[in-house]
Amino acid sequence: MQEKVKEYCYHELEMCKRWGYDPQQALTRCYGAVMFVLIVEPDENEPDGLGWWWDNEMHPCFRELGAY
């Protein structure tokens, strides 16, 4: 499930870059999906876990596009 949510977030990021999707709305959708998966499959914020990935890799990408 964690890999699928990562694929979804990368897809949303690509749509923002390529087609001009609203980065704030994409961020909101992705954040909700990530939080849902973390509730279902907690990872204890391990360095290679979904929580760490979101905080350190994906969220900054959306912030670069103008989301907060």
Side-chain angles (χ1 to χ4, degrees):
M1 226 167 135
Q2 290 188 8
E3 289 304 314
K4 289 292 184 185
V5 80
K6 285 182 180 182
E7 290 175 19
Y8 172 73
C9 291
Y10 282 124
H11 174 75
E12 286 287 328
L13 184 64
E14 183 64 26
M15 293 297 102
C16 288
K17 290 178 179 178
R18 183 177 292 182
W19 302 106
Y21 281 20
D22 182 349
Q24 185 60 46
Q25 289 181 358
L27 171 77
T28 301
R29 288 189 295 271
C30 290
Y31 181 77
V34 167
M35 290 303 115
F36 174 79
V37 171
L38 285 174
I39 288 170
V40 174
E41 294 180 11
D43 68 1
E44 304 302 326
N45 210 23
E46 297 172 10
D48 60 346
L50 184 62
W52 186 93
W53 171 83
W54 174 259
D55 289 340
N56 297 292
E57 291 183 23
M58 186 51 64
H59 190 217
C61 292
F62 282 108
R63 292 186 72 187
E64 287 176 6
L65 297 176
Y68 50 90

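Hydrogens, waters and symmetry mates play no part in the numbers below; they use all other heavy atoms, side chains included.
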Scan for salt bridge (Lys or Arg N to Asp or Glu O under 4.0 Å) pairs involving residues 59-68, sequence neighbours excluded, and state none if there are none. none
Give a yes or no on whether Trp54 and Val40 share a hydrophobic cluster (residues Ile, Leu, Val, Met, Phe, Trp, Tyr; joining criterion: side-chain heavy atoms under 4.5 Å apart). yes
Can you give me every donor-acceptor pair (side chain of residues 1-11, partner residue at least two apart or in another chain, under 3.5 Å) with its distance?
residue: Gln2; atom: NE2; partner: Glu41; partner atom: O; Å: 3.2
residue: Tyr8; atom: OH; partner: Glu12; partner atom: OE2; Å: 3.3
residue: Tyr10; atom: OH; partner: Trp53; partner atom: NE1; Å: 3.2

Shared hydrophobic cluster for Phe36 and Leu50 (ILVMFWY, side-chain gaps under 4.5 Å): yes
Show me the donor-acceptor pairs within less than 3.5 Å that the side chains of residues 17-25 make with the rest of the protein, sequence neighbours left out.
residue: Arg18; atom: NE; partner: Glu14; partner atom: OE2; Å: 3.4
residue: Arg18; atom: NH2; partner: Glu14; partner atom: OE2; Å: 3.2
residue: Asp22; atom: OD1; partner: Gln24; partner atom: N; Å: 3.0
residue: Gln24; atom: OE1; partner: Tyr68; partner atom: N; Å: 3.0

Less than 4.5 Å apart, side chain to side chain, heavy atoms only: is that true for Leu65 and Leu27? no
